[in-house]
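Heads up: the structure comes next, in structure tokens.
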Amino acid sequence: MDLVRTGARVKTRVEVPNDSLFGTDNLPYGVFAPEGQHYRVGTRLGDAVIDLAAALGDPEFGEPSLAALMAQGPQRWREVRERVRELVDNEIDSAAVHALTDVRLALPVSIGDYVDFYASIDHATNLGRLFRPDSEPLLPNWRHLPVGYHGRAGTVVVSGTEVVRPCGQRRTDSGTPDFGPSRRLDIEAELGFLVGVGSELGDPVETGEFAERVFGVTLVNDWSARDIQAWEYQPLGPFLGKSFATSISPWVTPLAALEPARIPTPEQTPEPLPYLQEKEPWGLDIDLTVAWNGEAVSHPPFSRMYWSPAQMLAHLTANGAATRTGDLYASGTISGPEPDQRGSFIELSWGGSEPVVVNGQQRTFLEDGDEVVITASAPGPDVRRIGLGEVRGRIRPARPRG
């Protein structure tokens, strides 16, 4: 940073390397706090965080949540983005600029409802082959609707929060259950979409309204206890095996920053029902990387997702369900057709039968002390790329009962 004294104030210009994933074409939003101070809204530029309340003189950004901005809709989102881009192109009051390493990051918004989908055809096919080897991998409804379930909003946590190994019922070799810590603790590498402008009860949202209602995108790790899930999920679906922790990145990438990444979804056969048909493409060319104890083990491509986030939003409101500012819905595990593109360890180790070598050790599922970091990037203008931050979590031992 270059400092320039102007009157009684010191101005600074944040210099960003050309290869940074957080240049002026990105500018994700987050909630941060300098040491000893309260949380407020900021934007990331390079390895700096800019305090928007201080830099723009707008008290709206002094609140510890993005909710006020998110609720105001796309015109306000555009206006703020233009103001921020103009701000970072010039000198900024140095008191508004903080090193990323010197701040604490929090959930960007209080999560209202949380819905998780199952939108990757490669992931669904892999699990179908694992669980139903003598049947068709995809169930009859899969190509007709984005399958999903309602999760636990209260256990959505910000990146860096430690994850306690969950306990629950597990099926034993005798076919009866016991109770104890999960032995098949897993990850799910996903993208999440945060609703800005909600919808009224009874009014379905059309696919064409996606960009008017969704504020931005965040990285998600939907931790999964596969043994608990396998015993409990029939016939009603995921419950304790999924609801103990869902980690999200502290940074929310606005949809405007992802315009260069927009692509059509893969061909959908049969043609979706009318309410799921898209007027414009909302597939996204985003590449993820999953690192297990510091070693990259997978590179899932979001470009392969069968159902788009616009179709997911249309489906989750098709029955008239309302949405609210801060609602989160996630894509489900992102996987590709190749072994090194699988976004969960149950796929990567093929149900535990094909261990993965991590730092010279053969591994299948997560052990206590393991750390998983998921990162992602997308095309930006020209040949540059933009980053979606990271979602990080370390496993801690189960807590004994009683």
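Keep in mind that the numbers below use all heavy atoms, side chains included, and drop hydrogens, waters and symmetry copies. Note that the structure is a prediction, hence the values are computed from the model and not measured.
In summary, the aromatic rings of Phe345 and Phe365 are positioned with their centroids too far apart to meet the 6.0 Å limit. Taking the six-membered ring wherever Trp is involved, the centroid distance between the rings of His98 and Phe32 falls below 6.0 Å. A centroid separation of less than 6.0 Å is found between the aromatic rings of Tyr306 and Trp142. Aromatic ring centres of Tyr29 and Phe215 lie closer together than 6.0 Å.
By the 6.0 Å and 45° rule, Arg170 does not stack over the aromatic ring of Phe179.
A distance of 11.0 Å separates CD of Gln341 from CG of Leu288, quoted to the nearest 0.5 Å. For the atom pair Arg384 CZ and Asp25 CG, the distance stands at 6.5 Å (nearest 0.5 Å).
At a threshold of 4.0 Å, the pair Asp186-Arg226 counts as salt-bridged, since one of the basic side-chain nitrogens sits closer than that to a carboxylate oxygen. Taking a cutoff of 4.0 Å between a charged side-chain nitrogen and a carboxylate oxygen, Arg40 and Asp51 qualify as a salt bridge. Between Glu162 and Arg396, at least one side-chain N (NZ, or NE/NH1/NH2) sits under 4.0 Å from a carboxylate O, which counts as a salt bridge. Salt bridge annotation for Arg363-Asp370: present, with a cationic side-chain nitrogen under 4.0 angstrom from a carboxylate oxygen. The pair Glu91-Lys11 fails the salt-bridge criterion, with no side-chain N (NZ, NE, NH1 or NH2) lying under 4.0 Å from an Asp/Glu carboxylate O. Salt-bridge annotation for Arg342 and Asp122: absent, with no side-chain N of the basic residue lying under 4.0 Å from a carboxylate O of the acidic one. By the 4.0 Å N-to-carboxylate-O rule, Arg262 lies too far from Asp285 to be salt-bridged with it. Salt bridge Arg304/Glu338: absent, no basic N to carboxylate O contact under 4.0 Å.
No side-chain donor-acceptor contact under 3.5 Å links Gln72 and Glu79. Using modelled atom types and a 3.5 Å distance limit, the side chains of Ser298 and Asp340 yield no donor-acceptor pair. In the model, Gln277 has no side-chain atom that pairs as donor or acceptor with a side-chain atom of Gln311 under 3.5 Å. A donor-acceptor pair shorter than 3.5 Å cannot be found between the side chains of Thr172 and Asp178. Trp223 and Thr246 form no side-chain donor-acceptor contact under 3.5 Å, judged by distance and modelled atom types alone. Side-chain contact of Thr323 with Ser199: a donor-acceptor pair under 3.5 Å is present, judged by distance alone.
In terms of heavy atoms, Ala211 sits closest to Pro74 at O-CB, 4.3 Å. Residues Pro34 and Val103 share a closest heavy-atom pair of CA-CG1, 4.2 Å. When all heavy atoms of Gly320 and Pro204 are compared, the pair lying nearest together is N-CG, 4.4 Å. Minimum heavy-atom separation, Pro270 to Arg143: CD-CB, 4.2 Å.
Taking a 6.0 Å sphere around CD of Glu206, one finds it holds 12 or fewer heavy atoms contributed by other residues, nucleotides or ligands. No more than 12 heavy atoms of other residues, nucleotides or ligands lie within 6.0 Å of CD in Glu200, so this atom counts as exposed by the packing criterion. Counted within 6.0 Å of CD on Glu136, heavy atoms from surrounding residues, nucleotides or ligands total 12 or fewer; the atom is thus considered open. Summarising the local packing, CZ of Arg171 is surrounded by 12 or fewer heavy atoms from other residues, nucleotides or ligands at distances under 6.0 Å.
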Self-check item: Pair Glu347-Ser335, side-chain hydrogen bond (donor to acceptor under 3.5 Å, both in side chains): steps then yes or no
Solution: CA-CA 9 Å; Glu347 294 172 88; Ser335 291; 3.0 Å; yes
Practice problem: Output, in order, the C-alpha distance, side-chain angles, deciding distance and verdict of side-chain hydrogen bond (donor to acceptor under 3.5 Å, both in side chains) for Arg85 and Thr24. | Solution: CA-CA 6 Å; Arg85 293 189 73 170; Thr24 57; 4.8 Å; no
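By the 4.5 Å heavy-atom criterion applied to side chains, Leu313 and Thr207 are not counted as neighbours. Residues Phe239 and Arg152 form a side-chain contact, since some pair of their non-hydrogen atoms from C-beta on lies under 4.5 Å apart. When side chains are defined from C-beta on, Trp350 counts as touching Arg129, because their heavy atoms get closer than 4.5 Å. Side chains of Leu191 and Ile286 form a contact here, defined as non-hydrogen atoms less than 4.5 Å apart. Residues Trp307 and Thr265 have side chains not in contact (no heavy-atom distance under 4.5 Å, counting atoms from C-beta outward). When side chains are defined from C-beta on, Asn26 counts as touching Thr253, because their heavy atoms get closer than 4.5 Å. Side-chain contact between Val163 and Phe244 is present, with heavy atoms from C-beta onward closer than 4.5 Å. Val252 places a side-chain heavy atom less than 4.5 Å from the side chain of Leu66.
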